[in-house]
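Everything on this sheet refers to the single structure shown next.
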Amino acid sequence: MGRDTIADIITSLRNADMNRKGTVRIASTNITENIVKILLREGFIENARKHQERNKNFLVLTLGHRKNRKGPYRKILKLKRVSRPGLRIYSNYRRIPRILGGMGIVILSTSRGIMTDREARLEGIGGEILCYIW
């Protein structure tokens, strides 16, 4: 039985957000590195660096929205895993959902790599819908 690395990333980010943590450590794979690049580019995380410990690579992510936050707690990140190992969800480029009218992003796994919904629509390709982030 394999591990679902995408669900691990989503769960780690959600737990860090709920517990007001500033950093998250996740296992480094090609898929996780590509998803982290998208999250960096879209501004959901502030920084990511690679860390090696006993011949295992990890990514240390810094959540930037926690630095000077005051007042009552409100979750900033909302993440939802869509396609999972037991049920894959695919979409062509015309039917890729828009999250909050385009304010959120959909991360897709396409034949040209992992990309956001906007990039997939521009290139005219569909793929497996990995997760929603808003």
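The model shown is predicted, which means the values in this text are computed figures rather than measured ones.
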Point to revise | 4.5 Å side-chain heavy-atom contact, Leu63 and Leu13 | key: yes
**Study point:** Any Ile45 side-chain heavy atom under 4.5 Å of Thr62 side chain
**Key:** no
Point to revise | Pairwise distance OG(Ser28) to CD(Gln52) - rounded to 0.5 angstrom | key: 10.0 Å
**Study point:** Residues forming a salt bridge (charged side-chain N to carboxylate O under 4.0 Å, His left out) with Arg84, sequence neighbours excluded
**Key:** none
**Study point:** Counterpart residues, side-chain hydrogen bond (donor to acceptor under 3.5 Å, both in side chains), relative to Asn47 (two or more places apart)
**Key:** none
Check your understanding: How long is the span from the NE2 atom in His51 to the NZ atom in Lys56, to the nearest 0.5 Å?
Key -> 12.5 Å
Practice item. Name all residues meeting the salt bridge (charged side-chain N to carboxylate O under 4.0 Å, His left out) criterion together with Arg118; count only those two or more places apart in sequence or in a different chain, and write none if there are none. Key: Glu42
Check your understanding: In Å and rounded to the nearest 0.5 Å, what is the CD1 to NZ distance from Ile99 to Lys78?
Key -> 13.0 Å
Study note, to complete from the structure: For Phe58, the other hydrophobic cluster members (4.5 Å side-chain criterion, sorted by chain and number) are none
Name each donor-acceptor pair under 3.5 Å that joins a side chain in residues 120-134 to protein atoms two or more places apart or in another chain, with its distance.
| from | atom 1 | to | atom 2 | distance (Å) |
| --- | --- | --- | --- | --- |
| Arg121 | NH1 | Asp117 | OD2 | 3.4 |
| Arg121 | NH2 | Ile96 | O | 2.9 |
| Arg121 | NH2 | Pro97 | O | 3.3 |
| Glu123 | OE1 | Arg112 | NH1 | 2.7 |
| Glu128 | OE2 | Ser83 | OG | 2.6 |
| Glu128 | OE2 | Arg88 | NH1 | 3.0 |

**Study point:** Pairwise distance CD1(Ile38) to OG1(Thr116) - rounded to 0.5 angstrom
**Key:** 6.0 Å
Review point. Are the side chains of Leu108 and Ile114 in touch, meaning some heavy atoms are under 4.5 Å apart?
Key: no
Check your understanding: How would you list, by chain and number, every residue that makes a salt bridge (charged side-chain N to carboxylate O under 4.0 Å, His left out) with Lys50, sequence neighbours excluded?
Key -> Glu33
Check your understanding: What residues, two or more places apart in sequence or in another chain, satisfy side-chain contact (heavy atoms from CB on, under 4.5 Å) together with Ala7?
Key -> Asp4, Arg81
Review point. What pairs with Thr29 under side-chain hydrogen bond (donor to acceptor under 3.5 Å, both in side chains), at least two apart in sequence or on another chain?
Key: Thr32
Review point. Can you name the side-chain hydrogen bond (donor to acceptor under 3.5 Å, both in side chains) partners of Arg41, sequence neighbours left out?
Key: Glu119
Exercise for review: Please list, chain by chain and in numerical order, all residues satisfying side-chain contact (heavy atoms from CB on, under 4.5 Å) with Arg95, sequence neighbours excluded.
Suggested key: Ser91, Asn92
Check your understanding: How long is the span from the CG atom in Leu79 to the OG1 atom in Thr11, to the nearest 0.5 Å?
Key -> 9.0 Å
Exercise for review: Could you tell me whether the side chain of Asn15 reaches within less than 4.5 Å of the side chain of Met18, counting heavy atoms only?
Suggested key: yes
